[in-house]
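Have a look at the structure below before the remarks.
Atoms within a ligand are numbered from 1 in the order they appear, just like the ligands themselves.
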Amino acid sequence: MRVVSTVNEVRNQVKAWKKEGLSIGFVPTMGYLHEGHASLIKRSVSENDKVVVSIFVNPMQFGPTEDLASYPRDLEADSKLCEEMGAELIFHPEPEEMYDQGFCSFVDMNGLTNALCGLSRPVHFRGVCTVVNKLFNIVTPDKAYFGEKDAQQLAVIKRMVKDLNMDIEIVGCPIIREADGLAKSSRNTYLSDESRKQAVILSKSIFMGKKMIEDGERNAKKVIDAMKDMINSASLTKIDYVEIVDVNTMKSIDEIKGEILCAIAVNVGGEARLIDNFMMKVD
Ligand code: AMP
């Protein structure tokens with residue numbers, strides 16, 4: 001597996017591929033790859049001639065009290081997985097390669113980012129938008145792949161690409177889960193055995209909320225309250241938010257209709273802040 005750490009190496013390779021008329025797929029990640037990431041890479045390989053995966057734990061999207069230093073890393077295992085999935089190139093830069101000393105330009109957003117994770121992680125989406133913009137400029141892909149696991153991020157990136165006229169197709173991919181339902185996440189490794197057991201309550205509440213709406217419930221508060229009760233029944237959980245929003249605006253709704261996103265963020269055992277969600281089109 002070819003792993004490069006400089007912008008120039010990526011540019012030279014991508015230019016050579018484009019000269020041959022080949023299409024480029026791109027999967028941005030923070031590494032410690034699991035089957036969720038693998039599903040994005042696989043999809044990208046099936047829809048493009050060449051696939052670039054970036055592995056970069058982006059300091060700019062972490063708040064001062066968040067888990068930047070402890071975020072798990074394993075480049076060897078990641079390379080193996082990328083190779084198996086059929087990716088061609090890993091871009092693994094050091095922070096200094098991405099942000100030199102004089103760095104002072106940012107991509108920011110109003111509206112979509114003033115809700116859900118944007119409220120508890122105030123610098124997060126500015127960091128995400130800035131780094132994804134930079135990565136898009138470096139890799140110049142035809143298509144880029146993002147997981148619905150991070151539904152707000154997916155909506156933010158789609159909006160940014162539209163607003164800034166970027167010539168890149170954004171492809172959303174379904175959430176991949178563990179056998180018991182817990183959404184796969186690099187952060188699941190933070191959980192102790194007991195917290196891991198209790199963490200299944202997140203997906204259980206997601207499945208229950210979805211079923212309530214499928215069965216006809218249209219009152220958002222009723223669904224949210226039932227989900228909160230379920231999550232609170234596990235002793236180690238601390239809810240950050242349980243919200244139902246319009247997927248296009250990220251604004252809370254009272255009556256469930258249209259394209260909705262039901263999203264949750266829950267701290268488990270004081271060890272990991274985990275997120276999960278479902279999206280639905282309701283007539
Ligand atoms: P991360 O490395 O956590 O920044 O994630 C990189 C990409 O993988 C993002 O687009 C995520 O939404 C996606 N991803 C992470 N976990 C999952 C999952 N369980 N299912 C599908 N996509 C995922």
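- In E76, the CD atom is not crowded: 12 or fewer heavy atoms of neighbouring residues, nucleotides or ligands sit closer than 6.0 Å.
- By the criterion of a heavy-atom distance under 4.0 Å, neither the backbone nor the side chain of S186 is placed next to ligand 1.
- Of the candidates Y71, Y32, Y145, F146, the one placing a heavy atom closest to atom 3 (O) of ligand 1 is Y71.
- The distance criterion of under 3.5 Å between nitrogen or oxygen atoms is not met by C173 with respect to ligand 1.
- Scanning all protein heavy atoms for the shortest distance to atom 21 (C) of ligand 1 gives P174 O, 3.3 Å.
- Counted by atom type alone, Y71 and N58 present zero donor-acceptor pairs between their side chains at under 3.5 Å.
- Relative ring orientation between H37 and H34 is described as tilted, the plane-to-plane angle lying within the 30° to 60° band.
- The nearest protein atom to atom 4 (O) of ligand 1, hydrogens excluded, is given as M30 CG, 3.6 Å; this is a heavy-atom distance.
- Side-chain contact of S120 with D240: a donor-acceptor pair under 3.5 Å is present, judged by distance alone.
- Y190 has its side chain within reach of P72: a pair of non-hydrogen atoms, C-beta onward, lies under 4.5 Å apart.
- Counting atoms of ligand 1 from 1 in the listed order, those under 4.0 Å from a heavy atom of I175 are 20 (N), 21 (C).
- A side-chain donor from one of Q198 and S235 sits under 3.5 Å from a side-chain acceptor of the other.
- Against a heavy-atom cut-off of under 4.0 Å, L40 is close to the following atoms of ligand 1: 7 (C), 8 (O), 10 (O), 13 (C), 22 (N).
- Within the listing of ligand 1, atoms 16 (N), 17 (C), 18 (C), 19 (N) sit less than 4.0 angstrom from a heavy atom of K184.
- Under 4.0 angstrom from ligand 1, there are no non-hydrogen atoms of S185.
- Using cut-offs of 30° and 60° for the angle between ring planes, the F136 and F146 rings count as perpendicular.
- Two residues are said to be in side-chain contact when any heavy atoms from C-beta on lie closer than 4.5 Å; V268 and L202 meet this criterion.
- Contact annotation: for L154 versus ligand 1, there are no heavy atoms closer than 4.0 Å.
- From the protein, the heavy atom lying nearest to atom 12 (O) of ligand 1 is D150 OD1, 2.6 Å.
- Every atom of ligand 1 is numbered from 1 in the order shown, and the set under 4.0 Å from a heavy atom of P28 is 6 (C), 7 (C).
- Taking distance alone, with nitrogen or oxygen atoms compared against 3.5 Å, G147 approaches ligand 1 more closely than that limit.
- D142 places a side-chain N or O within donor-acceptor distance of the main-chain N or O of I24, the cut-off being under 3.5 Å.
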Margin query: Working note: E243 + S252, criterion side chain to side chain donor-acceptor pair (under 3.5 Å); need CA distance, chi angles, decisive distance, verdict.
Written below: CA-CA 7 Å; E243 292 262 15; S252 294; 2.9 Å; yes
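- Taking distance alone, with nitrogen or oxygen atoms compared against 3.5 Å, S39 stays at or beyond that limit from ligand 1.
- Distances shorter than 4.0 angstrom do not occur between any heavy atom of E148 and any atom of ligand 1.
- Y145 and L81 fall within a single hydrophobic cluster, where Ile, Leu, Val, Met, Phe, Trp and Tyr side chains are chained together by heavy-atom contacts under 4.5 Å.
- Proximity of H37 to ligand 1, defined as any heavy-atom pair under 4.0 Å, is confined to the side chain (atoms from C-beta onward).
- In terms of polar-atom proximity, I176 is counted as a contact of ligand 1, with an N or O under 3.5 Å from an N or O of the ligand.
- For ligand 1, none of its N or O atoms has an N or O atom of K149 under 3.5 Å away.
- Applying the 6.0 Å contact sphere to CD of E84 captures more than 12 heavy atoms from other residues, nucleotides or ligands.
- Of all the heavy atoms of H34, the ones lying under 4.0 Å from any atom of ligand 1 belong exclusively to the side chain.
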